[in-house]
Amino acid sequence: MGAANVMFVLDGRLITPSTRDTILDGVTRDTVLTLAREWGMTVEERRVSVAEIIEGAKTGKLTDAFAAGTAA
């Protein structure tokens, strides 16, 4: 992922790690989150586990996974 932020659409919600530790708090990330909210999506900024993503992929609840960032 490099310097990009990882984002997932899981069960209709946009989920991305919060910026409290080492996550880049950039304008591109903020733009994606703002647009998602304006489009009526629920946005969650929190810890995301690999197990949660694998389970979502198995059950079909994970519909998108992408990177967002100036260099992405």
Side-chain angles (χ1 to χ4, degrees):
M1 297 301 297
N5 296 109
V6 64
M7 300 194 182
F8 305 96
V9 178
L10 185 63
D11 203 20
R13 298 166 288 141
L14 180 63
I15 301 172
T16 190
S18 62
T19 58
R20 67 176 175 210
D21 294 324
T22 58
I23 304 301
L24 178 65
D25 186 19
V27 68
T28 304
R29 177 184 185 277
D30 182 61
T31 300
V32 171
L33 299 180
T34 298
L35 287 172
R37 287 183 181 108
E38 286 181 5
W39 294 340
M41 291 185 79
T42 299
V43 174
E44 296 180 14
E45 298 178 72
R46 60 173 176 79
R47 289 185 181 261
V48 182
S49 72
V50 173
E52 177 182 16
I53 299 306
I54 291 171
E55 183 64 23
K58 287 180 180 178
T59 62
K61 290 184 177 185
L62 176 69
T63 56
D64 296 282
F66 61 97
T70 303

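This one's a predicted model, so the numbers in the text were calculated from it and none came from an experiment.
If you take OG1 on Thr16 and CZ on Phe8, they are separated by 8.0 Å, rounding to the nearest 0.5 Å. Atoms CD1 and OG1, from Ile15 and Thr42 in turn, are 9.5 Å apart once rounded to the nearest 0.5 Å. Taking CD from Glu44 and CE from Met7, the interatomic distance works out to 13.5 Å, rounded to the nearest 0.5 Å.
Asp11 meets the side chain to side chain contact (heavy atoms under 4.5 Å, CB included) test with Arg13, Lys61; sequence neighbours excluded. For the salt bridge (Lys or Arg N to Asp or Glu O under 4.0 Å) test, residues two or more places apart in sequence or in another chain that qualify with Glu52 are Arg46.
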Steps toward side-chain contact (heavy atoms from CB on, under 4.5 Å) verdict (Asn5, Val32): CA-CA 10 Å; Asn5 296 109; Val32 171; over 6 Å; no
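The heavy-atom pair separating Leu62 from Ala57 by the smallest distance is CB-N, 3.7 Å. The heavy-atom pair separating Gly69 from Thr28 by the smallest distance is N-CG2, 3.6 Å.
In this structure, Phe66 is not a member of the same hydrophobic cluster as Leu35, with clusters built from ILVMFWY side-chain heavy atoms closer than 4.5 Å.
Contact annotation: the side chain of Val48 never approaches that of Leu10 to less than 4.5 Å [non-hydrogen atoms, C-beta and beyond].
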